[in-house]
Amino acid sequence: MNTLQYWHPVIQSKKLGRKPVCIKLCGQEIVLFRGEQNSIGALKNSCPHRGMRLSEGWIKDNRLVCPYHGWSYDCDGKGFSPSTPQLHVCAQRFDIVERYGAIWIKSFDSQAEFPQLDFSSYEYICTLEHHVDAPLGVDKYLSMEHGAPYLKISCAS
Ligand code: FES
């Protein structure tokens, strides 16, 4: 089973600022970044050029810049090499959504629908984060505790 085909809340929105963030999900390192127009991207944390961790880079002109040789990637993973602009390169990307105070990702090729967490009899209060080392198979996005729903944010391996 490919657990990355489903949506996973991986980080609270407020924790993704101007610096790229590395998360680990299903044994894969993924870099999350926020562009200058508040667009967000999720790419495999390995530069297609020589494998440098993209999370060590920075944001410039709405692109994630690799610190090794300066290739850069937009939120869709489209790459640009300053020394060979005619080169067409793509970083592996993930679908990404910011909702309910969290950043959610899934595999780009998955058709999974985003979970609907709107309940007419409840009011969203906040997003809480707890780290739990648990297999993804037991992960539940929504828990009912103390009579109120809350999102469970997890970055289990
Ligand atoms: S390893 Fe990223 S630009 Fe060379």
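Counting from 1, the numbers follow the sequence of the chain as shown.
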**Student:** Please give me the minimum heavy-atom distance between H49 and Y73, naming the atom from each residue.
**Tutor:** N-OH, 4.3 Å

**Student:** Once side-chain contact (heavy atoms from CB on, under 4.5 Å) is applied, do any residues pair with S46, and if so which ones, sequence neighbours excluded?
**Tutor:** K44

**Student:** Evaluate the ring planes of W104 and F114, with Trp represented by its six-membered ring, and classify them as parallel (under 30°), tilted (30 to 60°) or perpendicular (over 60°).
**Tutor:** perpendicular

**Student:** Would you confirm whether S55, through its side chain, and V21, through its main-chain N or O, come within 3.5 Å as a donor-acceptor pair?
**Tutor:** no

**Student:** Using a strict cut-off of less than 4.0 Å between a Lys/Arg side-chain nitrogen and an Asp/Glu carboxylate oxygen, indicate whether E98 and R34 qualify as a salt bridge.
**Tutor:** yes

**Student:** List in chain and number order the residues that pass side-chain contact (heavy atoms from CB on, under 4.5 Å) with A42, two or more places apart in sequence or in another chain; answer none if no residue qualifies.
**Tutor:** I30, L32, F94, I96, I105

**Student:** Going by side-chain contact (heavy atoms from CB on, under 4.5 Å), name the residues that satisfy it together with R63, two or more places apart in sequence or in a different chain.
**Tutor:** S72, D74, F80

**Student:** Should Y68 and C47 count as side-chain neighbours, where that means a heavy-atom distance under 4.5 Å?
**Tutor:** no

**Student:** Please confirm whether the backbone N or O of L54 pairs with a side-chain atom of N45, one donor and one acceptor, at under 3.5 Å?
**Tutor:** yes

**Student:** Find out if a path of hydrophobic residues (ILVMFWY) with successive side-chain heavy-atom gaps under 4.5 Å connects F33 to V10.
**Tutor:** no

**Student:** Counting C-beta onward and ignoring hydrogens, is there a side-chain heavy-atom pair between R18 and I59 closer than 4.5 Å?
**Tutor:** yes

**Student:** Do S110 side-chain atoms and A112 backbone N/O form a donor-acceptor pair below 3.5 Å?
**Tutor:** yes

**Student:** Could you check whether E36 pairs with K60 (Lys NZ or Arg NE/NH1/NH2 to Asp/Glu carboxylate O, under 4.0 Å)?
**Tutor:** no

